[in-house]
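Worksheet: the structure to be examined is printed underneath.
Protein chains get the first letters and strands the later ones, always in sequence-line order, with residue 1 at the start of each. Only heavy atoms go into these numbers, but all of them, side chains included; no hydrogens, no water, no symmetry mates.
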There are 2 protein chains.
Amino acid sequence: MESSQQGSSRKRLLDVSARLFRELGFHATSMRDIARAAGMRPASIYHHFDSKEAILRELMWGFLVELLSSARDAAARAHDARGRLGAIMRTHIRLHATKATLAFVADTELRALQGVAQQEILMLRDRYEELLQDVLRHGVEEGTMHLGDVKLASYQLLAMGTGVVFWWRPEGRLSLEAVVDQYVEAALRMCGIAT
Amino acid sequence: MESSQQGSSRKRLLDVSARLFRELGFHATSMRDIARAAGMRPASIYHHFDSKEAILRELMWGFLVELLSSARDAAARAHDARGRLGAIMRTHIRLHATKATLAFVADTELRALQGVAQQEILMLRDRYEELLQDVLRHGVEEGTMHLGDVKLASYQLLAMGTGVVFWWRPEGRLSLEAVVDQYVEAALRMCGIAT
DNA sequence: CAATTAACCTAACGATCGTTCGGCAGGGAG
DNA sequence: CTCCCTGCCGAACGATCGTTAGGTTAATTG
């Protein structure tokens, strides 16, 4: 009933699509590009996915779901606002660095989705932002954080953190842990928390 | 020798192209889209520009040149590292907020340029980053700034600041001045400078 | 006046796009 | 064995792409 290669072509299509979407952009990547990189013919892709947009949809949805659940788990393990902020930033940087290809696509190709597909992704992103904003709001109310507008601060933190996908490489000068630490410290400082 | 409408079509083409490139992305925008929005026929665009990529090239180059020269001027008017950092961030946010369409395109469509055109833009971006990194390095040497890796810090600051194009609208809840102030304060805090 | 040029047009070029149709191989099920 | 389903294929569909060739108009120049 189940072949030993079950889903292997599908997974390979997702992998090469993510890589191509990152390198060329969604609209500059053709189904023929994807097929060639996956070792099959363009028509065969449609045995696994309904459309080119469906591939992008699955890539973005998968990453954002993992990002959101990781952040929730990390925040739940901390016991105060400062700890939760640090935990969220830590998982944010770690996930964006280790899955940079997916993260890059998820952060830059939202325009390419249409209608309800785009709204579904926006819904996940909103929940993620609200998770962070709740932490910031609690920190301000507790008096442990000192910042201006909470929403603005959340945009600052997320933009800063997401930026790691644009430059960090595992073989580069800085280790993942060193990078994560400096991002977390920057986040805490931005919120008026001494380290 | 000079018509009273000199360059008005050209300017209009740049304006509508920037708007379309931001809304749809470069590759999802067709020459026919641009022509329709500018009130002319596709073939007429080629009287003003050599190619679709040439339009993008001019948009990105123009914005980055203005960004770089504005930052240089602002930094020159300050007299210490802290003042220069604040001045650079202030002009960065202000320019990204007031020219958000251009800034968005310049920050997201680098992939769409090919060969030497892309390298020319990268050269400008590198000079901009170096301007900021010099300020940070001086601040660390003076002892007025306390941060880990200087390059990493510059990426954090620029990613945070550039992010303003993704959410701020002039008709929104927060005024430009309030937004600029919170970004500058966040930058100073990130660099270990008390406010 | 004639000559030139800027600005724009219609029409069409070849290429490439996402997608679909119909079929073929092969392995498991009845 | 026959039947069916999975996975993949060749071939082609209509649409759209960036771009070009050649022509028209109106204004400017000498």
Side-chain angles (χ1 to χ4, degrees), chain A residues 1-60 105 109 111-118, chain B residues 1-60 105 109 111-118:
Chain A
M1 186 207 226
E2 232 175 74
S3 112
S4 62
Q5 304 275 351
Q6 167 88 3
S8 83
S9 286
R10 193 172 201 282
K11 192 169 184 338
R12 194 168 63 254
L13 282 170
L14 287 172
D15 283 344
V16 304
S17 296
R19 213 187 62 232
L20 289 169
F21 290 167
R22 166 166 188 172
E23 286 175 12
L24 312 174
F26 175 78
H27 283 112
T29 302
S30 69
M31 292 299 263
R32 287 163 178 85
D33 290 334
I34 297 172
R36 194 179 311 115
M40 57 175 64
R41 308 290 159 178
S44 307
I45 301 177
Y46 291 87
H47 182 73
H48 301 281
F49 296 94
D50 285 341
S51 65
K52 183 179 161 191
E53 192 188 329
I55 300 179
L56 178 62
R57 216 154 48 212
E58 184 155 331
L59 288 172
M60 294 185 66
V105 173
E109 296 291 358
R111 277 181 307 193
L113 292 183
Q114 298 173 351
V116 330
Q118 184 176 92
Chain B
M1 187 208 223
E2 234 176 70
S3 110
S4 63
Q5 302 276 349
Q6 168 86 4
S8 82
S9 285
R10 193 170 202 280
K11 193 169 183 335
R12 192 168 64 254
L13 281 169
L14 286 172
D15 282 346
V16 303
S17 295
R19 212 187 62 232
L20 289 168
F21 290 167
R22 166 169 187 169
E23 285 175 14
L24 312 173
F26 175 78
H27 283 112
T29 302
S30 69
M31 293 299 263
R32 287 163 179 83
D33 290 334
I34 296 172
R36 194 180 310 114
M40 57 175 65
R41 307 291 159 179
S44 307
I45 302 178
Y46 291 87
H47 181 73
H48 302 281
F49 296 96
D50 285 343
S51 66
K52 184 179 161 189
E53 192 188 328
I55 301 178
L56 178 63
R57 217 154 48 210
E58 184 154 332
L59 288 172
M60 294 185 65
V105 172
E109 296 291 0
R111 276 181 307 194
L113 292 184
Q114 297 173 351
V116 342
Q118 185 177 93

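- Checked for salt-bridge contact, A/Arg12 and A/Asp15 miss the test: no charged N lies under 4.0 Å from a carboxylate O.
- For B/Met31, taking side-chain heavy atoms from C-beta onward, the closest of the listed nucleotides C/dT20, D/dT20, D/dT19 is D/dT19.
- Remark: B/Ser30 is not in phosphate contact with D/dT16, judged by side-chain N or O atoms under 4.0 Å from OP1 or OP2.
- For A/Ile34 and C/dT16, the CD1 to P distance is 17 Å, given to the nearest whole Å.
- The nearest heavy atom of DNA chain C to A/Asp50 and to A/Asp33 marks one nucleotide each, and the one closer to the 5' end goes with A/Asp33.
- Separating the CZ atom in A/Arg57 from the NZ atom in A/Lys52 is a distance of 13.5 Å, to the nearest 0.5 Å.
- B/His27 has its NE2 atom 12 Å from the P atom of C/dG18, to the nearest Å.
- B/Glu58 is linked by a salt bridge (charged side-chain N to carboxylate O under 4.0 Å, His left out) to B/Arg10, counting only residues two or more places apart in sequence or in another chain.
- One can find a donor-acceptor pair under 3.5 Å joining the base of D/dG18 and the side-chain atoms of B/Arg32.
- Note: CZ (B/Arg12) to P (C/dA7) measures 12 Å, nearest angstrom.
- Taking side-chain N and O atoms only, A/Ser9 has no distance below 4.0 Å to OP1 or OP2 of D/dG7.
- In this structure, NZ of A/Lys52 is placed 15 Å from P of C/dT16, rounded to the nearest angstrom.
- Under 4.0 angstrom from either OP1 or OP2 of D/dC9 there lies at least one side-chain N or O belonging to A/Ser44.
- Between B/Arg41 atom CZ and D/dT20 atom P there is a gap of 20 Å when expressed in whole angstrom units.
- Between the CG atom of B/Leu24 and the P atom of D/dT16 there is a distance of 15 Å, given to the nearest Å.
- One atom, CZ of A/Arg36, and another, P of C/dT16, lie 10 Å apart when rounded to the nearest Å.
- We find that CZ of B/Arg10 is positioned 16 Å from C1' of C/dC8, with the value rounded to whole Å.
- A 4.5 Å side-chain heavy-atom check between A/Phe21 and A/Ile34 finds at least one atom pair inside the cut-off.
- Within the 4.5 Å cutoff, no side-chain heavy atoms of B/Leu14 are placed close to those of B/Lys11.
- The side chain of B/Ser51 lies closest to D/dT19, out of D/dT19, C/dC21, C/dC9.
- Residue B/His47 places none of its side-chain N or O atoms closer than 4.0 Å to OP1 or OP2 of C/dC8.
- Counting only heavy atoms from C-beta on, B/His48 has its side chain closest to C/dC8 among D/dG18, C/dC8, C/dT20.
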